[in-house]
Protein chains: 2
Amino acid sequence: MQDESKRRSNRERSEATRAQLVAAARRLFVDKGYAETGTPEIVAAAGVTRGALYHHFADKQALFRAVVESESRRVAAEIEAAAPRDMPVREALVAGGRAFLDAMREPGRTRLLLLDGPAVLGRGDMDAIDAAIGGMRSLREGLAAAMAARTIRRMPLDAVTLLLSSAYDRAALAVEAGADPDIFMDVLAAFVDGLAAPG
Amino acid sequence: MQDESKRRSNRERSEATRAQLVAAARRLFVDKGYAETGTPEIVAAAGVTRGALYHHFADKQALFRAVVESESRRVAAEIEAAAPRDMPVREALVAGGRAFLDAMREPGRTRLLLLDGPAVLGRGDMDAIDAAIGGMRSLREGLAAAMAARTIRRMPLDAVTLLLSSAYDRAALAVEAGADPDIFMDVLAAFVDGLAAPG
DNA sequence: ATCTTGCATGCATGCAGCCTGTATGTTAAT
DNA sequence: ATTAACATACAGGCTGCATGCATGCAAGAT
């Protein structure tokens with residue numbers, strides 16, 4: 001076993017420190033919320049000092065943003081794994097929705113992405129993150145495909161995406177609060193089917 | 001002009017002080033957000049001291065809750081004025097939705113009720129406020145009437161209410177961000193019509 | 001009816017603890 | 001030698017509480 005804690009390159013050190021900070025921050029932000037979590041607590045959990053934190057991140061909010069982006073990426077990955085692009089459009093929408101609700105049951109995700117995220121980063125920034133790397137991107141693509149295939153009516157794509165995405169978000173919150181996922185899946189499916197093209 | 005600033009009864013003093021605190025807090029919470037607004041700033045704007053604030057409210061969060069409840073009541077009042085109980089059910093749903101979007105254009109309401117509210121008070125408390133005194137109560141009643149009249153299908157009422165309410169919320173945010181209200185009204189109407197009972 | 005007496009209410013001030021962001025110092029990589 | 005990666009120390013601000021004071025108020029005594 002050669003010495004692995006010393007003689008690290010700067011790149012390695014930075015990446016390790018950043019990862020530890022993001023991981024520790026995620027745990028604490030999830031457990032206590034953004035406002036109630038102090039940077040002294042975060043750096044203690046990460047095993048570094050506040051100097052390291054403010055070397056790698058501009059401020060506490062920037063660290064939070066890193067946590068949110070990481071989490072958003074994971075949710076999107078789970079959705080895309082469950083609803084690949086070559087799946088039939090309606091089936092993909094249902095499977096993607098189901099995967100989203102499942103992914104959001106991972107503890108802390110609703111708090112990070114749906115409660116603290118919008119309040120701390122602003123709705124505009126959260127929408128940008130969601131549209132770029134989050135689950136909303138998948139939904140938008142699915143709806144676009146469904147419109148192209150005439151599975152659902154042609155409607156303003158961005159507006160439909162935003163509103164449906166919002167309904168999915170609220171369903172995730174309800175499920176975490178103890179509601180039955182199947183009931184919400186059914187209602188969400190009814191929403192989508194209600195947009196079906198006539199004929 | 002008789003002396004009106006002195007010799008106030010205790011009740012009058014309390015109500016005046018509370019009202020000034022809530023009004024000043026509302027302005028500042030709207031302008032800068034909950035976290036960025038300090039109690040020294042609030043009491044200065046209200047013309048009182050921090051002692052008065054902590055005499056009337058348990059903490060900063062309790063003051064925020066008072067602001068949110070007041071705002072929620074006003075939104076609900078506007079909705080009920082536009083969609084009285086004796087209106088035909090589908091018409092009432094549309095009129096109520098329109099009134100909600102209009103009411104939410106009052107500056108600051110989206111921030112108070114849709115961004116800071118859930119983060120500061122928690123989704124559970126915000127849902128409780130919304131269901132008890134806010135716009136969600138009207139929506140729930142409208143949907144219940146529509147189901148009873150077979151205007152829309154019979155579905156789990158609470159789930160439908162929650163998801164539709166969430167879509168309306170997101171529409172309000174989009175409108176405030178500059179989107180065209182008519183587009184979102186159309187999409188929301190399509191959602192409701194998609195739930196129409198067959199036949 | 002008025003007066004006094006005791007208590008509760010409404011509020012002001014000062015304090016203790018904590019947190020954030022920055023500036024400065026130190027060690028290790030390049 | 002120069003710079004990156006951190007550690008430490010400091011300044012300012014904020015929250016919640018504890019204490020102190022003045023006024024309203026209720027009830028009995030006169």
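Below, chain A is the first sequence line, B the second, and so on; all start at residue 1. Please read all numbers here as calculations on a predicted model, not as lab measurements. Below, all heavy atoms of this structure are taken into account, side chains as well, without hydrogens, waters or symmetry copies.
- Taking atom CG of B:L63 as the reference point, atom C1' of D:dC14 lies 15 Å away to the nearest angstrom.
- Straight-line distance from the CZ atom of A:F57 to the P atom of D:dA5: 13 Å, rounded to whole Å.
- Nucleotides of DNA chain D nearest to B:A35 and A:R50 differ in position, and the one nearer the 5' end is that of A:R50.
- Under the 3.5 Å distance criterion, the side-chain polar atoms of B:S166 are matched with a main-chain donor or acceptor of A:S166.
- Counting to the nearest Å, the C1' atom of D:dT3 and the CZ atom of A:R11 are 15 Å from each other.
- The distance between atom CD of A:E36 and atom P of D:dC14, rounded to the nearest whole Å, is 18 Å.
- Between B:E106 and B:R74 there is no salt bridge, since no side-chain nitrogen of the basic residue lies less than 4.0 Å from a carboxylate oxygen of the acidic one.
- Side chain of A:P40, nearest nucleotide from C:dC19, C:dG21, D:dT15: C:dC19.
- A:R8 has its CZ atom 11 Å from the C1' atom of D:dC6, to the nearest Å.
- OP1 or OP2 of C:dC19 has not a single side-chain nitrogen or oxygen of A:T39 nearer than 4.0 Å.
- The residue among A:T37 and A:G51 whose nearest nucleotide of DNA chain C lies closer to the 5′ end is A:T37.
- Atoms CG (A:D59) and C1' (C:dC19) sit 14 Å apart, rounded to a whole Å.
- Listed candidates were C:dA12, D:dC6, D:dA7. Nearest to the side chain of B:V48 is C:dA12.
- Look at A:H56 and you won't find any side-chain N or O under 4.0 angstrom from OP1 or OP2 of D:dA5.
- Closest contact between the side chain of A:T49 and the listed nucleotides D:dT15, D:dC6, C:dG21 involves D:dC6.
- The distance from atom CG of A:L53 to atom P of D:dT8 is 15 Å, rounded to the nearest whole Å.
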- request: For B:R111 and B:E176, run salt bridge (Lys or Arg N to Asp or Glu O under 4.0 Å): C-alpha distance rounded to whole Å, both residues' side-chain angles, the deciding distance at 0.1 Å, then the answer.
  value: CA-CA 10 Å; B:R111 183 166 211 171; B:E176 179 170 61; over 6 Å; no
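- Here A:T17 reaches the OP1 or OP2 of D:dC6: one of its side-chain N or O atoms lies under 4.0 Å away.
- You won't find any donor-acceptor pair under 3.5 Å spanning the side chain of B:R13 and the base of D:dG24, going by distance alone.
- Side chain of B:H55, nearest nucleotide from D:dT15, C:dC11, C:dG21: C:dC11.
- A straight line from CD of A:E12 to P of D:dC6 spans 12 Å, rounded to a whole angstrom.
- Of the options A:L173, A:V75, A:V175, a side-chain contact (heavy atoms from CB on, under 4.5 Å) to A:M104 is made by A:V75 and by none of the others.
- Among the nucleotides C:dG10, D:dA9, D:dA5, the one closest to the side chain of A:S14 is D:dA5.
- For A:R98, the CZ atom sits in a packed shell: over 12 heavy atoms of surrounding residues, nucleotides or ligands are nearer than 6.0 Å.
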